[in-house]
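What follows is a short report on a single structure.
Here the structure is a predicted model, which is why all the values come from computation and not from measurement.
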Amino acid sequence: MQAVLEPRSAAASSIPRPWLKSYPPGVPAEVEIDPRTTLVDVLEQSFRQYGSRDAAACMDVRLRYRDLDDLSQALGAYLQSLGLERGARVALMMPNLPQYMVAIAAVLRAGYAVVNVNPLYTPRELEHQLEDSGAQAIVVLENFAATLEEVIEHTPVRHVVLCAMGDLLGFWRGNFINFAVRHLKKMVPEFRLPMHDGRTVKRFNMAVAEGTRMSLRRADAAPDDVAFLQYTGGTTGVSKGATLTHRNVVANIVQTEAWFRPVLDTVGHKQLTVVCALPLYHIFALTICYFMGARFGSMNVLIPNPRDLPGLVKTLAKYRINMFPAVNTLFNALANDPDFARLDFSELVVSNGGGMAVQQATAEKWLKVTGCPVVEGYGLSETSPVATSNRLDKREFTGTIGLPVPSTDIAIRDDEGRDLPFGTPGEICIRGPQVMAGYWNRPDETARVMTPDGYFKSGDVGVMDERGYIRIVDRKKDMILVSGFNVYPNEIEQVVGLMPGVLECAAVGVPDEKSGEAVKLFVVKRDPTLSEDDVARYCRDNFTAYKRPKYIEFRDDLPKSNVGKILRRELRK
């Protein structure tokens, strides 16, 4: 894929772009992309160009680009044999494992769309996502199959590919070898997936084995075909899928490549080593680690469980890492770990932070320990995700989200859609080829966030200075940002409001030293015997961990406007 593309419209290229004068040397104002290019082209070019290189390392086993090519062809052929129509949605539900990298490539090469699913979802959350996306198949780690069992008969899913932790850990240079996984099996809850009414359940290795006896039919995906449904919260409290086309994600790969290449080219050896501790179901890791990594022929060090800090440090000690994308929470935990401080960081050239604000204390500690500055950027699921980034060649902490990346326009606007002068707070609005096609089957939600001139309204309030640097100062939306994950108060309130004993409730974000923000829930009782433990237990059953309220406070009433709307801003005070 050549980094060269159709020219921007006259209107787009004529707007003021003060950030260009602040660009680092070697980064172009515009990137150009062959408009025919798809993510399949990106991957297959990497398979050809870097076949003998290691694409992934996980638990001391490595997978080459050639292996990724062969395995994804086989799994893709198996998926096609199920009779799925072109464009069908296939859900992927697992942590960072080699199977995930194989499955992403397989689904795209077979002509389908990926629905990324957080493996820690509760049954309620999983059912909504599978139902809303219309996913007909799912590739799921067996550790989470018990959750799927609870809801599968209420979803469109007809076919299950069941992974085990040890599947590709016994794969070495094109052959499966014996691998002791008995200790891994102990972590798998019991499950029994229904197989009636034509539903199929196939083990991952068996699916691959069957696929090797088939031929993958080239799907000839088009740039405007849906590649990913990335689920995020909605204004109504209902999680909705940001529809990302091949064109959207390819554009962001080339945009980020243009921004990163001048620094990454200084590494001076043949292959980059990237730490993939962020989950691949999150858009940040998906684009930066997986796809941009493939463009560079990088090796991703896959971390299935970054919460296991001693295990993570032990893994990092085995590699000379060059690039480390993470959120503030992880940077902070590692920077304060004495064993991490003893590692060799001589080849670490990029530490890029996103998903949540990078705190100055964390950035300064990280720089002191590693010698590599944390470079903060900004993006959303709706922008594939990268919209801005600080310069990678600067060491000082700026406290900003940086500059718009190439081929991206950012305007700071008021509620009437008028552009505001430098230094005046307004909504951050983003236009560029990486902006989503819309929300899946939700034209009303799409209309709320897209402007007639093609800008996506982020819901974040920021200011831009004369140099083009942007600082976030507030959130227009009531979204709560917990360790880089969006939590929408409407979802919390709707679900808790259904709990017997609750009259009404409200959720807000409060500052938290570890996660940036935490959820605080205010509850008015219907049943006077309702306890904090009752509410906490209910939340454990209905929300994945990062959404659960850290604090629960009972009140006699909640502050309301004159039309009866609960005033969250008063509760935040």
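- Counting only distance, with no hydrogens or angles, the side chain of Tyr281 and the backbone of Leu92 share no donor-acceptor pair below 3.5 Å.
- In this structure, the separation between OG1 on Thr446 and CG on Asn441 is 9.5 Å, given to the nearest 0.5 Å.
- The CE atom of Met436 lies 9.5 Å from the CG atom of Asn248; values are rounded to the nearest 0.5 Å.
- Note on residues 496-518: pairs passing salt bridge (Lys or Arg N to Asp or Glu O under 4.0 Å), not counting sequence neighbours, are Arg475-Glu517, Glu504-Lys560, Asp512-Lys550.
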Chi angles and distances behind the side chain to side chain contact (heavy atoms under 4.5 Å, CB included) call for Met94, Phe144: CA-CA 8 Å; Met94 65 193 98; Phe144 311 105; 5.5 Å; no
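- For Arg540, there are no salt bridge (Lys or Arg N to Asp or Glu O under 4.0 Å) partners at least two apart in sequence or on another chain.
- Panel note: side chain Arg124, backbone Asn542; a donor-acceptor pair is recorded below 3.5 Å.
- The shortest non-hydrogen separation linking His282 to Gln230 is C-NE2, 4.3 Å.
- Considering CZ of Phe228 and OG of Ser384, their distance stands at 10.0 Å, rounded to 0.5 Å.
- A salt bridge does not link Lys525 to Asp534: none of the charged nitrogens lies less than 4.0 Å from a carboxylate oxygen.
- Under the 4.0 Å criterion applied to side-chain N and carboxylate O atoms, Lys314 and Asp308 are not assigned as salt-bridge partners.
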Report the C-alpha distance between Arg572 and Asp478 in whole Å, list the side-chain angles of each, state the deciding distance to 0.1 Å, and finish with yes or no for salt bridge (charged side-chain N to carboxylate O under 4.0 Å, His left out). CA-CA 10 Å; Arg572 278 194 292 268; Asp478 288 317; 3.4 Å; yes
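- Looking at Tyr439 and Thr232, their side chains come closer than 4.5 Å, going by heavy atoms from C-beta outward.
- Among all heavy-atom pairs drawn from Glu142 and Ala164, the shortest one is OE2-CB, 3.4 Å.
- At a threshold of 4.5 Å between non-hydrogen side-chain atoms, the residues Val140 and Leu162 count as touching.
- For the pair Glu491/Ser239, no side-chain contact is recorded, criterion being any heavy-atom separation below 4.5 Å from C-beta on.
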Cut-off 3.5 Å, no hydrogens considered: what does the side-chain donor-acceptor table look like for residues 145-154, sequence neighbours left out?
from   : atom 1 : to     : atom 2 : distance (Å)
Glu149 : OE1    : Arg192 : N      : 3.0
Glu153 : OE1    : His196 : NE2    : 2.8

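- Taking each heavy atom of Val327 and Gly354 in turn, the nearest pair found is CG1-O, 3.1 Å.
- Ring pair Phe324/Phe340 is perpendicular by interplanar angle, where above 60° counts as perpendicular and below 30° as parallel.
- With a 4.5 Å cut-off on side-chain heavy atoms, Tyr469 and Met464 do not count as touching.
- With Thr243 contributing its side chain and Gly438 its backbone, the two residues share a donor-acceptor pair below 3.5 Å.
- For the pairing with Lys520, the side-chain contact (heavy atoms from CB on, under 4.5 Å) check across Val510, Ile480, Ile552, Leu571 returns one residue only, Val510.
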Report the C-alpha separation of Phe331 and Thr370 in whole Å, then their side-chain angles, then the decisive distance to 0.1 Å, and conclude whether the side chain to side chain contact (heavy atoms under 4.5 Å, CB included) test is met. CA-CA 11 Å; Phe331 282 134; Thr370 68; over 6 Å; no
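- A donor-acceptor pair under 3.5 Å is formed between the side chain of Glu493 and the backbone N or O of Ala507.
- With hydrogens and angles ignored, the 3.5 Å screen pairs a side-chain donor or acceptor of Thr256 with a backbone N or O of Ile253.
- Contacts of Phe522 classified as ring-ring contact (aromatic ring centres under 6.0 Å, His included), with partners at least two apart in sequence or in another chain: none.
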Go through Ile104 and Leu286 one step at a time and tell me if the side chain to side chain contact (heavy atoms under 4.5 Å, CB included) criterion holds. CA-CA 10 Å; Ile104 290 170; Leu286 183 69; 3.7 Å; yes
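- Using a distance-only test at 3.5 Å, with no hydrogens or angles considered, a donor-acceptor pair links the side chain of Asn300 to the main chain of Cys289.
- Within the 4.5 Å cutoff, the side chain of Asn118 has no heavy atoms near those of the Tyr231 side chain.
- Taken to the nearest 0.5 Å, the CG atom of Leu229 stands 11.5 Å off from the OG atom of Ser381.
- Ser531 and Asp533 share no side-chain donor-acceptor pair at under 3.5 Å.
- Of all non-hydrogen atoms in Val358 and Ala363, the two that sit nearest each other are CG1-CB, 4.1 Å.
- Note: Leu126 CG to Thr155 OG1 = 7.5 Å, rounded to the nearest 0.5 Å.
- Between Asp337 and Val369 the shortest side-chain heavy-atom distance does not fall below 4.5 Å.
- Counting only distance, with no hydrogens or angles, the side chain of Asn252 and the backbone of Val386 share a donor-acceptor pair below 3.5 Å.
- With no hydrogens or angles considered, no side-chain donor-acceptor pair links Ser407 and Gln255 at under 3.5 Å.
- For the pair Cys58/Asn96, no side-chain contact is recorded, criterion being any heavy-atom separation below 4.5 Å from C-beta on.
- Residues Phe543 and Glu125 approach most closely at CA-OE2, 3.7 Å, considering heavy atoms.
- In the model, Asn332 has no side-chain atom that pairs as donor or acceptor with a side-chain atom of Thr329 under 3.5 Å.
- When all heavy atoms of Leu330 and Pro306 are compared, the closest pair comes out as CD1-O, 4.3 Å.
- One N or O on the side chain of Asn305 and one on the backbone of Arg307 form a donor-acceptor pair closer than 3.5 Å.
- In terms of the salt bridge (Lys or Arg N to Asp or Glu O under 4.0 Å) criterion, Arg526 has no residue partners (sequence neighbours excluded).
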Derivation of the side chain to side chain contact (heavy atoms under 4.5 Å, CB included) call for Val495 and Tyr538: CA-CA 9 Å; Val495 174; Tyr538 181 86; 4.0 Å; yes
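- Asp409 places no side-chain N or O within donor-acceptor distance of the main-chain N or O of Ile430, the cut-off being under 3.5 Å.
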Could you go through residues 395-405 and list every donor-acceptor pair under 3.5 Å that involves a side-chain atom there, pairing it with any protein atom two or more places apart or in another chain?
from   : atom 1 : to     : atom 2 : distance (Å)
Arg395 : NH1    : Gly371 : O      : 3.3
Arg395 : NH2    : Gly371 : O      : 3.1
Thr398 : OG1    : Asn390 : OD1    : 2.9
Thr398 : OG1    : Thr400 : N      : 3.0
Thr398 : OG1    : Thr400 : OG1    : 2.9
Thr400 : OG1    : Asn390 : OD1    : 3.3
Thr400 : OG1    : Gly402 : N      : 3.1

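- With salt bridges taken as basic N to acidic carboxylate O contacts below 4.0 Å, none links Arg89 and Asp132.
- One finds the CG atom of Leu367 at 8.0 Å from the SG atom of Cys372 (value rounded to the nearest 0.5 Å).
- A heavy-atom distance below 4.5 Å is not found between the side chains of Val519 and Tyr546.
- A donor-acceptor pair under 3.5 Å is formed between the side chain of Ser133 and the backbone N or O of Gln129.
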